[in-house]
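Down below is the structure, laid out as C-alpha cells.
Just so you know, these numbers come straight off a predicted model, no measurement behind them.
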Amino acid sequence: MRFDSFLSGRGGGCKGFGRGTDIQNALTLPAMLPHRELLPDPLPPEPLEVVARWLAEAWAARTQPNANSLVLATSTRDGRPSARVVLCKDIVPQPGYVVFYTNYLSSKGQQLADNPRAAAVMHWDALHRQVRIEGEIVAAPAADSDAYFASRAWQSRVGAWASEQSEPVASRAALLEAVTAAAKRFRVPAPGSPGAEDDVRADIPRPPHWGGYRLWADVVELWVEGEARIHDRALWKRSLTALPGGSFKPGPWSATRLQP
C-alpha cells in the first residue's frame, strides 16, 4: 500500500489524514526543538572515538532505556541477510572494534561462522544521531567472555545454559522445564520461582557455546540530522590485515563527507 493511500484511508489505511496534513501528526512524535549540531570540521581522524562519546552522551541523556542497542546485520554464505538487536558492551576506539555477546550456536552465530562480516547500526533518535559500522568479525578472547559472563545476573547465566537459542521448542512449558533443569544442575532456584532473589550466591561458569564477538570496523559512517533533511554525513574507511590469533593490523582511516 502506498503511504499516501494509507494516510487518506484508501485501501483500509488510516482514515482522517489526507494530503497536506502537517508532518507532525498522530503518526509521528511531537515536534522537537530545532537541532543545530554538525559533525566536526575538519573531520576527526578516529571515528570510533566519536562513537564512544556519543554512546556515553546517550546514556547520560536517558532518552531511551537501552542506549547501547545495536542492530546487527549478518548474512548466510549465499547472501541471505538477517538482522536483530543486540547490546553493544564495549567500544574500543584503538585499535578499533565493537564488542557484543551472544550464543555461538544461534542463527547469527552460525551465519558469522560461515560469513564473518557484519554491519551494525546505532540510532539515537532523540539526539538526532546515527552510526553505521561494517567490518570483520572474530570471537572475543575466552578470558573476556568469562569475565563478562561472571558479571551477569545469576538468573541470566542459568538462562544461557538452558536456551538452545534459535532452535525450535515444543512449548513455553518445555522451555521452562529446561530452565528448571539448568537451575537444579547448579543448585539454585529456578528463575522466577519462590526464593529466586537477586542476592542468591551461585557458581555458574560460562557455557562453551556462549561468548563475545569483536566487530573490527573497516567502515564507519556518522550521521547527524539536519534541517529540511539536509543531514550531515561523513564516511571513514580503512584496511584491515589479518594477524595470527584472531586480530588485525589496521591501516589509517580516510574520511570524506557524503551528501544527505
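Within the structure, the salt bridge (charged side-chain N to carboxylate O under 4.0 Å, His left out) test picks out the following pairs touching residues 133-142 (sequence neighbours left out): R117-E136, R132-E134. Screening residues 237-260 for salt bridge (charged side-chain N to carboxylate O under 4.0 Å, His left out), with sequence neighbours left out, gives D232-R257. Residue pairs that meet the side chain to side chain donor-acceptor pair (under 3.5 Å) test with at least one member in residues 45-59, sequence neighbours left out, are E46-Q94, E46-W253, E57-R129.
Here the closest non-hydrogen pair linking S82 and Q111 is OG-OE1, 3.0 Å. Across every non-hydrogen atom of N103 and S106, the tightest pair is O-OG, 2.7 Å. In terms of heavy atoms, Y104 sits closest to S145 at OH-OG, 3.9 Å. Across all non-hydrogen atoms, the minimal contact from L112 to F100 is CD1-CZ, 4.2 Å. Annotation for P44 and W236: closest pair O-NE1, 2.9 Å, computed over non-hydrogen atoms. Summarising the geometry of T76 relative to N115, their closest heavy-atom pair is O-ND2, 3.7 Å, with the distance given to 0.1 Å.
Side-chain heavy atoms closer than 4.5 Å link hydrophobic residues (I, L, V, M, F, W, Y) into clusters, and following such links, possibly through other members, connects L55 to L48. Residues M122 and V99 are members of separate hydrophobic clusters, defined by side-chain heavy-atom contacts under 4.5 angstrom among Ile, Leu, Val, Met, Phe, Trp and Tyr. Under the 4.5 Å side-chain heavy-atom criterion for grouping Ile, Leu, Val, Met, Phe, Trp and Tyr, V86 is connected to L215 within one hydrophobic cluster. Residues Y148 and V98 do not share a hydrophobic cluster, clusters being chains of Ile/Leu/Val/Met/Phe/Trp/Tyr side chains in contact below 4.5 Å. Criterion: ILVMFWY side-chain heavy atoms under 4.5 Å apart, direct or through other members. Under it, V51 and L72 are part of a common hydrophobic cluster.
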Taking it one step at a time, do S69 and Q64 satisfy side-chain hydrogen bond (donor to acceptor under 3.5 Å, both in side chains)? CA-CA 10 Å; S69 297; Q64 63 192 70; 4.9 Å; no
Using the side-chain contact (heavy atoms from CB on, under 4.5 Å) rule, take V92 and R214 through it: C-alpha gap first, then chi angles, then the decisive distance, then the call. CA-CA 10 Å; V92 183; R214 292 176 176 179; over 6 Å; no
Decide side-chain contact (heavy atoms from CB on, under 4.5 Å) for V138 and F248; before the verdict, give the C-alpha distance in whole Å, the side-chain angles of both, and the deciding distance to 0.1 Å. CA-CA 10 Å; V138 295; F248 294 91; 3.7 Å; yes
Between L222 and V131, is the side-chain contact (heavy atoms from CB on, under 4.5 Å) condition met? List the steps. CA-CA 5 Å; L222 303 183; V131 173; 3.8 Å; yes
Stepwise side-chain contact (heavy atoms from CB on, under 4.5 Å) check, T63 with W124: CA-CA 8 Å; T63 55; W124 301 288; 6.0 Å; no
Residues 167-179 side chain polar contacts: donor-acceptor under 3.5 Å, at least two apart:
from	atom 1	to	atom 2	distance (Å)
S171	OG	A173	N	3.4
S171	OG	A174	N	3.1

Tabulate below the donor-acceptor pairs under 3.5 Å that side-chain atoms of residues 195-210 make, not counting sequence neighbours, or state none.
from	atom 1	to	atom 2	distance (Å)
D198	OD1	Q155	NE2	3.0
R206	NE	D146	OD1	2.6
R206	NH1	W210	O	2.7
R206	NH2	D146	OD1	3.2
H209	NE2	A160	O	3.1

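With sequence neighbours excluded, the residues that form a salt bridge (Lys or Arg N to Asp or Glu O under 4.0 Å) with R80 are D78.
A donor-acceptor contact shorter than 3.5 Å links the side chain of H231 to the backbone of G226. Checked by atom type and distance alone, the side chain of Q110 pairs as donor or acceptor with a backbone atom of L105 at under 3.5 Å. For the pair N68 (side chain) and C88 (backbone), a donor-acceptor distance under 3.5 Å is present.
Atoms CD1 and OH, on I133 and Y97 in that order, are 13.5 Å from each other to the nearest 0.5 Å. One distance of note links OG1 of T102 with CD of Q165; it measures 4.5 Å at 0.5 Å rounding. The distance from atom CD of E225 to atom CG of D125, rounded to the nearest 0.5 Å, is 7.0 Å. Taken from NZ in K108 to CD1 in I137, the straight-line distance is 11.5 Å, to the nearest 0.5 Å. Put simply, CG on L240 and CG on D218 are 5.0 Å apart, with the number rounded to the nearest 0.5 Å.
Between F186 and W161, the ring centre distance stays below 6.0 Å.
Looking at L235 and V219, their side chains come closer than 4.5 Å, going by heavy atoms from C-beta outward.
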